[in-house]
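One is the number of the first residue; the rest follow in order along the sequence. Every value quoted in this text rests on a predicted model; they were computed, and no experiment measured them. Just follow the structure's listing: the first ligand is 1, and inside any ligand the first atom is 1.
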Amino acid sequence: MKNICVFASGTGSNFDSIVNESKQGVLQANVVLLVSDRPTSAVVSKANHNQIDTFVFNPKDYSSKAEFEIAILKELYERNVELIVLAGYMRLIGDTLLKAYPKRILNIHPSLLPHYKGKDAVGQAMKDHATITGVTIHFVDEGMDTGDIIMQEELSIVSLNTRKEIEEKIHAIEHRIYPQVINKVLEELS
Ligand code: GRF
């Protein structure tokens, strides 16, 4: 069984689903660490509740991205983390982590990339009167939502009228496909 780490800064619904799938043995991995740059975020409470170790930091306490990524790396190495899974971590990953974990960092994004990169992808799709959006899981590179795509799933939003309805459907897709993709990537590592 391989060890994985989740990076998240928000509500943590994906974190929850990953942890639950791991507990049920559907996800063939141990979630050994949560990394978060937002001490007050709900995801940190969720990790504490599940007795999962956390590394919670304030970027302002470090002089550079390299410096806080070195601190993260130490935590990852101490726990033999083999794969990093981003789930609502709102920062670009820097060289330090990218070099230490090549093709071993995944991200999930609530659009069909390359459409609607960056913040508030659902809002961007709504503003654009899109009829279809979806979810993308991709490897992380130095860009914003630009790495090689591993899996995408479409969602028709023609009959969905509110942001809440769209977000619920997006989350349902995310919670279903992220553990599947993590399993697949982990299998390919071994
Ligand atoms: C998800 O929609 C994910 O696609 C994006 O951030 C959101 C995190 O949601 N990267 P949650 O905190 O897992 O509920």
Side-chain angles (χ1 to χ4, degrees), residues 4-24 26-27 29 31 33-50 52 54-57 83-94 97-98 101 104-128 130 132-157 160 162-185:
I4 67 169
C5 169
V6 178
F7 283 30
S9 315
T11 316
S13 70
N14 278 282
F15 173 78
D16 247 355
S17 97
I18 289 165
V19 168
N20 288 336
E21 297 281 281
S22 163
K23 279 185 184 163
Q24 286 167 26
V26 180
L27 175 60
V31 183
L33 182 67
L34 169 79
V35 169
S36 182
D37 60 350
R38 296 234 178 100
T40 56
S41 58
V43 69
V44 173
S45 315
K46 287 181 168 131
N48 291 334
H49 178 76
N50 282 286
I52 291 172
T54 59
F55 178 68
V56 182
F57 69 101
L83 184 74
I84 298 171
V85 173
L86 311 187
Y89 179 72
M90 305 302 284
R91 279 175 194 279
L92 286 179
I93 300 295
L97 286 174
L98 286 171
Y101 282 85
R104 285 170 181 251
I105 309 178
L106 309 183
N107 184 40
I108 190 161
H109 185 77
S111 78
L112 295 176
L113 290 172
H115 299 288
Y116 313 131
K117 291 177 183 163
K119 279 188 186 157
D120 193 19
V122 170
Q124 292 182 52
M126 290 176 77
K127 205 170 156 204
D128 206 24
I132 289 176
T133 187
V135 173
T136 301
I137 299 170
H138 63 95
F139 287 111
V140 171
D141 64 11
E142 61 288 344
M144 190 194 289
D145 304 321
T146 50
D148 290 346
I149 292 171
I150 306 168
M151 184 173 178
Q152 293 187 301
E153 187 166 310
E154 287 185 8
L155 172 69
S156 167
I157 53 172
L160 304 177
T162 64
R163 172 187 282 269
K164 187 166 174 280
E165 281 177 301
I166 298 172
E167 283 178 347
E168 275 174 11
K169 298 264 187 200
I170 292 266
H171 273 127
I173 295 172
E174 291 184 341
H175 301 164
R176 175 166 45 77
I177 69 173
Y178 214 2
Q180 290 173 9
V181 170
I182 296 167
N183 267 337
K184 183 170 162 269
V185 172

Identity and separation of the nearest protein heavy atom to [atom]:
{"atom": "atom 12 (O) of ligand 1", "answer": "G12 N, 2.7 Å"}
{"atom": "atom 3 (C) of ligand 1", "answer": "E174 OE2, 3.4 Å"}
{"atom": "atom 9 (O) of ligand 1", "answer": "H171 NE2, 3.5 Å"}

Backbone N or O of [Y] within a donor-acceptor pair of the [X] side chain at under 3.5 Å?
{"X": "T136", "Y": "S111", "answer": "yes"}
{"X": "S22", "Y": "A29", "answer": "yes"}
{"X": "D128", "Y": "A130", "answer": "no"}
{"X": "S9", "Y": "R38", "answer": "no"}

Heavy-atom contact check, 4.0 Å cutoff: does P110 meet ligand 1? yes
State, to 0.1 Å, how close L83 and Y101 come at their nearest heavy-atom pair, and which atoms those are. N-CE2, 4.4 Å
Could you pull out the closest heavy-atom pair between V43 and A8, with the gap in Å? CG1-O, 3.7 Å
Atom indices of ligand 1, in the order listed, that fall short of 4.0 Å to a heavy atom of T11: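 In order of number, 12 (O), 14 (O).
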Would you mind running through ligand 1 and noting each atom that sits below 4.0 Å from a heavy atom of H109?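 Close to H109: 4 (O).
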For atom 8 (C) of ligand 1, the option (of S13, G88, S111) bearing the nearest heavy atom: G88
Ligand 1 and [X], any nitrogen or oxygen pair closer than 3.5 angstrom?
{"X": "N107", "value": "no"}
{"X": "G10", "value": "no"}
{"X": "I108", "value": "yes"}

How many angstroms lie between CE in M90 and OG in S41, if you round to the nearest 0.5 Å?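 With rounding to 0.5 Å, CE (M90) is 12.0 Å from OG (S41).
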